[in-house]
Protein chains: 2
Amino acid sequence: MAKKKPDKASLDEAAARLRSAGLRPTRQRVALAGLLFGKDHHHLTAESLHAQAAKAGVRVSLATVYNTLHQFTEAGMLSQVVVDAARSYFDTNTGAHQHFYCEDDGALIDIPGEAIAVAGVPSPPKGMAVDRVDVVVRIKRA
Amino acid sequence: MAKKKPDKASLDEAAARLRSAGLRPTRQRVALAGLLFGKDHHHLTAESLHAQAAKAGVRVSLATVYNTLHQFTEAGMLSQVVVDAARSYFDTNTGAHQHFYCEDDGALIDIPGEAIAVAGVPSPPKGMAVDRVDVVVRIKRA
DNA sequence: GCGCTTCTTTAGAATTATTCCAAACTATAT
DNA sequence: ATATAGTTTGGAATAATTCTAAAGAAGCGC
Ligand SMILES: [Mn+2]
Ligand SMILES: [Mn+2]
Ligand SMILES: [Zn+2]
Ligand SMILES: [Zn+2]
């Protein structure tokens, strides 16, 4: 039997996490949090999470998946990765780190934050502050 | 009087450039090339170029603007900058360089290639080769 | 220039990702 | 239990981009 739904413990943990983010632990949010944070870090899109939820037997509308992803991002539980103009990726790894992006198949691979060093970033224009520095290493089949 | 259309010399130059890229110098392509390459490097979107063309009295459909931007990019005359999931930016600066991206108003500002150094990029997975390394410095009003 | 072939342009329809909306729910506080 | 404010949802609406097929223009040999 495939392990489809996250266990109760991780769901309770998810509910607690939501409460402390000021979000009501609704059935949908708890279930999505369970799917997102119960396992290793990974990358996803609204569509892929929606599909995963369906596969796990969780009924959620796509609109709610979008709402939830944005709320979780707002709350710092997810980060957004911009690598392709056509799709929005989200990342359960919110620490400072970078990515390989495979232009052939759209796959994202983490590069640990300590690995890469960016030097020489000029100071931003007056009145602006650096929010973050994103590095995308675009790769292709050799 | 505002200088609307590029002068004849730069249009001839544009036509030559197109021919050597294997593209027929049609009225539309020559005009767009004139708007794109006659001045300093800059960033643009399909919509903004389409609007600029209209203002200069050049009749071109939006579909042709999209086609042309892609063909020019293919030919190495433009590069594409991915910073926002909602819009596709193009850049007349095709040399190696990086960008500030202002999250407040969507403005792009060049960072010279020599300024930034990225160290520690791990080698890509077997069979893959690095196409390029993009650095986006996201800034916000302080 | 003429005719032929091939490439281009274009209006408008189609596609895709995402957001909006208003009505039907539901978590939480009292 | 009730009331209230926050949530979910199906479906419509947006917006950027691509597709289609028909009409137009460029290049070539004559
Ligand atoms: Mn990761
Ligand atoms: Mn889109
Ligand atoms: Zn990541
Ligand atoms: Zn640039």
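All chains are named by letter (A, B, ...) in the order of the sequence lines, taking the proteins before the strands, and each is independently numbered beginning at 1.
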Protein-nucleotide distance (Arg59(B), atom CZ; dA11(C), atom P), rounded to Å:
8 Å

Over 12 non-hydrogen atoms of neighbours within 6.0 angstrom of CG in Asp40(B)
no

Say whether, by atom type as modelled, one donor and one acceptor occur between the side chain of Gln98(A) and the main chain of Val135(A) under 3.5 angstrom.
yes

Under 4.0 Å from any atom of DNA chain C, heavy atoms only: list the residues of residues 65-78 of chain A that qualify, in numerical order.
Tyr66(A), His70(A)

I'd like a table of donor-acceptor pairs (distance under 3.5 Å, sequence neighbours excluded) in which one partner is a side-chain atom from residues 77-87 of chain B, with atom names and distances.
residue: Ser79(B); atom: OG; partner: Asn93(B); partner atom: O; Å: 3.3
residue: Asp84(B); atom: OD1; partner: Ala86(B); partner atom: N; Å: 2.6
residue: Asp84(B); atom: OD2; partner: Tyr101(B); partner atom: OH; Å: 3.0

Distance check needed: dT7(D) C1' versus Leu32(A) CG, whole Å only.
13 Å

Would you classify Ser88(B) as touching base, sugar-phosphate or nothing, given that sugar-phosphate means primed atoms plus P, OP1 and OP2, and contacts are heavy atoms under 4.0 Å?
sugar-phosphate

Atom CG of Asp84(B) to atom C1' of dA15(D): distance rounded to whole Å?
13 Å

Check nucleotides 26-30 of chain D against the protein and report each pair of N or O atoms closer than 3.5 Å, with its distance, or say if there are none.
residue: dA26(D); atom: N3; partner: Arg24(B); partner atom: NH1; Å: 3.4

Gap between atoms NE2 and C1', on His50(B) and dA16(D) respectively (whole Å):
14 Å

Please collect all side chain to side chain donor-acceptor pair (under 3.5 Å) contacts where either partner lies in residues 67-77 of chain A, sequence neighbours excluded, each pair once.
Arg29(A)-Gln71(A)

Whichever of Leu62(B) and Arg29(B) has the more 5' nearest nucleotide on DNA chain C, that residue is Arg29(B)

Within the pair Gln28(B) and dT10(C), is there a side-chain N or O less than 4.0 Å away from OP1 or OP2?
yes

I need the Ile139(A) CD1 to Ile109(A) CD1 distance, nearest 0.5 Å.
5.0 Å

Please identify each residue that fulfils salt bridge (charged side-chain N to carboxylate O under 4.0 Å, His left out) with Asp134(B), with sequence neighbours left out.
Arg138(A), Arg132(B)

Using the test ring pair (Phe, Tyr, Trp, His ring centres under 6.0 Å), find all partners of His99(A) that sit at least two apart in sequence or belong to another chain.
His43(A), His97(A)

Glu13(A) atom CD: more than 12 heavy-atom contacts under 6.0 Å:
no

